[in-house]
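Heads up: the structure comes next, in structure tokens.
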Amino acid sequence: MHSPKCMELEGEIKTLIKVWLSVIISLCYCYFISSKIPKVLFRFLSLSPILYLFTILPLQLSTVLPTGVTAFFITWLTNFKLLLFAFDLGPLSSNPPKTLPHFLSIASLPIRLTQKQTNPSNQSPLKLKLYLILPIKALLLGLLPIGLNDHKQKLHPVVILALYCSLMYLLVDVVLGLCNIVINAALGIELELPSDEPYFSTSLRDFWGRRWNLMVTYLLRHTVYIPVRSLMSKTTIGPHWASVPGVMASFLVSGLMHELLFYYVTRDTPTWEVTCFFVLHGACVVVEFCVLKRLGHRGRLHWVVSGPITMAFVIATAAWLFFPPLLRDGADERSIKEFNDVVDCIMGKF
């Protein structure tokens, strides 16, 4: 006889399957119908019901990780790709998939076709990162929740927050890396890496622009930064400083999207702390930009100094503004409990 928690888990899995079937059917509509409609206004109108559907679908789920991952993939990434697609831009247009599986994969998963010409010998470092280092990260991702569950009461709060930062990094990197591996093996297409070792960042610009969650960076650059910079360059600000409002707008949109993701997970009224976190980092990136523009290379610190300062700032501000909404709701403890329930149910089967 199934235990209650296993029955709840089976119900959530069935709901998750229904949600993703809805996603696949909707993207088939985009592939067969919307792609044939003239771009901009009429194509956007044809896509608007799908954009709305992808915004409410995560509300069908209740567990932390499936809700968060589905909302991140569909409500954020896919909706942004479809917005670009309405203007015949972005990954669904600039590299037009020739088959339905290509379109579905690129639209629904956090992957991007590589933009540079490479030869097989140059791919060995990339494959090393995905196929060798990723399993180690996946193992750590599986062990850290168990350690936190067993020893959380004994650990200092600073240590716990540092572990949460590590878990967040591992979760994003492992989930996005697995998507890359599966699609690369199934369709044989070369993809960009999801991130580039963000703990080696030497500045906030380096962290947010070149290393952390590069799929989000790419989409924000094309949906927010470039349009705002282009618009502001025609005003009194001029092209020389037009990138400043573009950067701030990108971080503001990122904060609002994270606020929405947190709402899906917690179902609590937003406190706007997460938005403040990203606006603060956007302001700091602008300060970095202005200092370097004025001082040039004299304003650069040695990476031995700038690297630890950058990571300390990211972790400290995340502990102050990013994690509290999740911790107050108990989403961290619920996710650990759900992870343990999955392990118990699987063990119970065997």
Side-chain angles (χ1 to χ4, degrees), residues 2-30 48-82 104-105 107-111 138 141-142 145 149 164 167-168 170-179 182 194 213 215-216 219 254-271 274 322-323 325-346 348-349:
H2 291 308
S3 65
K5 63 184 178 183
C6 291
M7 294 177 66
E8 290 179 7
L9 178 62
E10 290 176 0
E12 183 74 354
I13 291 173
K14 291 178 181 177
T15 303
L16 184 63
I17 292 172
K18 292 177 183 177
V19 166
W20 277 91
L21 282 175
S22 300
V23 170
I24 293 171
I25 293 170
S26 300
L27 291 176
C28 288
Y29 160 82
C30 298
S48 56
I50 308 301
L51 298 174
Y52 173 74
L53 176 65
F54 286 176
T55 303
I56 64 173
L57 274 179
L59 296 173
Q60 304 296 316
L61 301 166
S62 58
T63 48
V64 173
L65 188 57
T67 302
V69 170
T70 300
F72 175 57
F73 282 17
I74 303 305
T75 307
W76 188 349
L77 300 187
T78 302
N79 272 354
F80 275 44
K81 291 174 189 177
L82 291 177
L104 294 177
S105 301
S108 63
L109 297 175
I111 60 174
L141 180 63
N149 188 55
Y164 281 147
L167 275 172
M168 181 67 70
L170 290 171
L171 176 63
V172 172
D173 213 48
V174 168
V175 171
L176 271 60
L178 285 175
C179 291
V182 171
N213 209 340
M215 186 71 243
V216 168
L219 288 176
S254 180
L256 294 173
M257 292 308 300
H258 278 84
E259 207 81 57
L260 181 61
L261 297 186
F262 279 28
Y263 172 75
Y264 288 131
V265 170
T266 65
R267 308 294 163 91
D268 280 345
T269 304
T271 61
V274 182
F322 188 87
F323 286 108
L326 295 176
L327 299 180
R328 278 195 299 269
D329 174 73
D332 58 322
E333 295 179 354
R334 284 193 290 121
S335 62
I336 293 173
K337 179 180 179 300
E338 290 163 6
F339 176 82
N340 291 330
D341 288 346
V342 170
V343 173
D344 291 343
C345 290
I346 292 175
K349 294 285 186 182

Would you please name every residue forming a side chain to side chain contact (heavy atoms under 4.5 Å, CB included) with [X], sequence neighbours left out?
{"X": "Thr63", "value": "Glu12, Pro66, Glu338"}
{"X": "Leu109", "value": "Phe73, Ile111, Cys179, Ile183"}
{"X": "Leu51", "value": "Phe44, Asn79, Leu82, Leu83"}
{"X": "Arg328", "value": "Thr271, Glu273, Pro324, Pro325"}

Please report the closest heavy-atom contact between Leu261 and Phe72, naming both atoms and the distance.
-> CD2-N, 3.7 Å
Closest non-hydrogen atom pair, Thr75 against Pro58 =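 Looking at all heavy atoms of both residues, the closest pair is OG1-CG, 3.2 Å.
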For Asp329, check salt bridge (Lys or Arg N to Asp or Glu O under 4.0 Å) against everything at least two apart and list the hits.
->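 Expected list: Arg334.
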Residue list, salt bridge (Lys or Arg N to Asp or Glu O under 4.0 Å) with Glu333, at least two apart or on another chain | Lys152
Is there a side chain to side chain contact (heavy atoms under 4.5 Å, CB included) between Tyr263 and Leu59 once you walk through the steps?
-> CA-CA 10 Å; Tyr263 172 75; Leu59 296 173; 4.2 Å; yes
Supply the atom-to-atom distance [X] [atom1] to [Y] [atom2], rounded to the nearest 0.5 angstrom.
{"X": "Ile74", "Y": "Ile56", "atom1": "CD1", "atom2": "CD1", "value": "13.5 Å"}
{"X": "Met215", "Y": "Leu176", "atom1": "CE", "atom2": "CG", "value": "9.0 Å"}
{"X": "Leu57", "Y": "Tyr264", "atom1": "CG", "atom2": "OH", "value": "9.0 Å"}
{"X": "Leu326", "Y": "Tyr164", "atom1": "CG", "atom2": "OH", "value": "9.5 Å"}

With sequence neighbours left out, write down each residue that passes side chain to side chain donor-acceptor pair (under 3.5 Å) with Glu259, or none if nothing qualifies.
->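 Here the qualifying residues are Thr275.
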Where do Thr67 and Arg267 land on the side chain to side chain contact (heavy atoms under 4.5 Å, CB included) test, with the steps shown first?
-> CA-CA 11 Å; Thr67 302; Arg267 308 294 163 91; 4.1 Å; yes
Only one of Asp173, Leu219, Val172 passes side chain to side chain contact (heavy atoms under 4.5 Å, CB included) with Asn213; say which it is.
-> Val172
In residues 16-30, what donor-acceptor pairs under 3.5 Å come from side-chain atoms, sequence neighbours left out?
residue : atom : partner : partner atom : Å
Trp20   : NE1  : Thr70   : OG1          : 3.4
Ser22   : OG   : Lys18   : O            : 3.0
Ser26   : OG   : Ser22   : O            : 2.7
Tyr29   : OH   : Ser46   : O            : 2.9

Residues that Phe262 engages under ring pair (Phe, Tyr, Trp, His ring centres under 6.0 Å), provided they are two or more places apart |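 With neighbours one apart ignored, the set is Phe322.
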Do Ile50 and Thr78 come close enough that some side-chain heavy atom pair is under 4.5 Å?
-> no
